[in-house]
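Heads up: numbering here begins at 1 and tracks the sequence.
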Amino acid sequence: MGYEVRGGPAATEESRAGNGARSGPRLVAVSDLHVRYAENRDIVEGLHPESDEDWLLVAGDVGEYVADVRRTLELLAGRFAKVVWTPGNHELWTPPGDPVQLRGEQRYEHLVRICRELGVVTPEDPFPVWEGPGGPVAIAPLFVLYDYSFRPAGARSKEEALVIAEQAGVVCRDEFLLHPDPHPSRDAWCRARLRITEARLSEVPPELPTVLVNHFPLVREPTRVLWHPEFALWCGTEATADWPRRFRASAVVHGHLHVPRLVWWEGVPHQEVSLGYPREWRRRPGTPGRPVEVFPLVPDGARA
């Protein structure tokens, strides 16, 4: 136990919208760069905008070590007109080998300070407004965790769900490395973040649509492809299921599943934009780690 089980059907190049080259500013996204892997670092070194006006959304899991996160975001911030970051579970880990041994909220706040030094937008900053194609639209990086509400069939509680997952051989490493301090649990931290984030989204002017960027999916539907459905426990919260509609989302961007694809749900495109681990992206066709153009889209998945 103590490993992470992820995976699912490989996405084809055609299933990831917005990969056609064009001139002019582009709103593109990546996630799950996992730069502790040398092969992934090489991919990140090759990431460049297609225009000087491109914005890059980084939907979490850059890496586990603070120095790796800083180095990667500094590189990307030097290339793209604007970089927007939201944390994944891996940034919130406290690995034994990381010289920075901050935990929980202190670790997150430390990462936010680093981003501000680099000019990278975080969930604690004013939401920038994209004025490029399809705009204006508010780009809203979110930090919302999970609360074990994506439960397997038959589980009536978090405790029952965790037992079912363990019996299936699925235990997320967050259980050992992601500390919720000062909150009593990860789901308690999630509830606190839900309150904070919902209040911030409610302040967006009602005439302004949004692009919601979170590491975890905001609805459960994208998790249906997981080889091990028990892993969905660590993939989000039912509390955000109506957020895309309530907060006028023109698009939702997320990572975490390591199954890059586009899902339309209740009229809103949900794009999983992860690179993932080398053993995963080597099986996929196309160029690994290529930023995905995430907005604007039309219902058939093509760029508007």
Side-chain angles (χ1 to χ4, degrees), residues 26-33 47 54-63 69-70 72-74 76-77 80-92 105 107-132 134-146 189-190 192-205 208-219 222 235-237 239-240 243-244 246-257 268-275 291-295:
R26 302 165 70 243
L27 185 61
V28 298
V30 294
S31 75
D32 297 79
L33 296 173
L47 292 183
D54 286 2
W55 287 20
L56 179 66
L57 314 178
V58 182
D61 276 11
V62 173
V69 177
R70 176 191 283 272
T72 303
L73 292 178
E74 184 173 19
L76 297 173
F80 287 82
K82 188 178 292 292
V83 172
V84 178
W85 167 86
T86 189
N89 53 316
H90 282 240
E91 281 105 335
L92 301 174
E105 280 193 354
R107 189 173 190 85
Y108 171 60
E109 290 166 358
H110 181 66
L111 291 166
V112 168
R113 287 194 293 271
I114 288 172
C115 286
R116 287 174 170 169
E117 290 173 14
L118 301 175
V120 172
V121 179
T122 79
E124 307 310 310
D125 297 315
F127 297 150
V129 176
W130 168 257
E131 299 280 3
V137 61
I139 308 301
L142 315 178
F143 170 30
V144 177
L145 282 160
Y146 51 83
W189 193 5
C190 176
R193 290 302 312 181
L194 285 167
R195 290 191 295 271
I196 293 168
T197 307
E198 189 170 21
R200 293 207 63 207
L201 287 170
S202 297
E203 295 173 354
V204 176
L208 198 60
T210 64
V211 171
L212 305 180
V213 187
N214 193 52
H215 180 64
F216 306 94
L218 294 182
V219 299
C235 292
T237 168
T240 58
W243 283 17
R246 285 179 57 204
F247 299 116
R248 307 170 304 285
S250 295
V252 174
V253 178
H254 69 92
H256 190 59
L257 305 181
V268 179
H270 295 248
Q271 292 231 51
E272 209 280 9
V273 295
S274 61
L275 170 60
V292 179
E293 187 169 8
V294 295
F295 179 80

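- The shortest non-hydrogen separation linking V120 to A77 is CG2-CB, 3.9 Å.
- No side-chain heavy atom of E74 sits less than 4.5 Å from a side-chain heavy atom of I114.
- Here the straight-line distance linking atom CH2 of W189 with atom CG of L194 works out to 13.0 Å at 0.5 Å rounding.
- The ring-ring contact (aromatic ring centres under 6.0 Å, His included) test with W55 singles out one residue from F80, W130, F295, and that residue is W130.
- With hydrogens and angles disregarded, a donor-acceptor distance shorter than 3.5 Å links the side chain of E91 to the backbone of V62.
- Annotation for P205 and R248: closest pair O-NH2, 3.2 Å, computed over non-hydrogen atoms.
- Residues L208 and F127 have side chains not in contact (no heavy-atom distance under 4.5 Å, counting atoms from C-beta outward).
- In this structure, the side chain of T210 engages the main chain of F247 through a donor-acceptor pair within 3.5 Å.
- Atom OG1 in T237 sits 10.5 Å away from atom CG in N214 (nearest 0.5 Å).
- The two residues C235 and P217 make their nearest non-hydrogen contact at O-CD, 3.0 Å.
- Between Q271 and V294 the shortest heavy-atom distance is NE2-CA, 3.6 Å.
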task: List the steps, then state whether side chain to side chain contact (heavy atoms under 4.5 Å, CB included) holds for T72 with W85.
output: CA-CA 11 Å; T72 303; W85 167 86; over 6 Å; no

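- For the pair P141/V121, a side-chain contact is recorded, criterion being any heavy-atom separation below 4.5 Å from C-beta on.
- Using a 4.5 Å heavy-atom threshold, the side chains of D54 and L56 count as separate.
- Two residues are said to be in side-chain contact when any heavy atoms from C-beta on lie closer than 4.5 Å; D61 and S274 fail this criterion.
- Within the 4.5 Å cutoff, side-chain heavy atoms of L145 are placed close to those of L92.
- The shortest distance between side-chain heavy atoms of K82 and I139 does not fall below 4.5 Å.
- Pairing each heavy atom of A59 with each of V213, the nearest pair is CB-CG1, 4.1 Å.
- In this structure the side chain of L142 reaches within 4.5 angstrom of the side chain of L218, judged on heavy atoms.
- The salt bridge (charged side-chain N to carboxylate O under 4.0 Å, His left out) with E124 is formed by just one residue from the set R193, R200, R116, R113; it is R193.
- Across all non-hydrogen atoms, the minimal contact from V30 to P291 is CG1-CA, 3.6 Å.
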field: Audit row: L201, L212, side chain to side chain contact (heavy atoms under 4.5 Å, CB included) steps and yes/no
entry: CA-CA 10 Å; L201 287 170; L212 305 180; 3.9 Å; yes

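- In this structure, the separation between CG on D32 and CD on E272 is 6.0 Å, given to the nearest 0.5 Å.
- Partners of F216 according to the ring pair (Phe, Tyr, Trp, His ring centres under 6.0 Å) rule, which considers only residues two or more places apart in sequence or in another chain, are Y146, H256.
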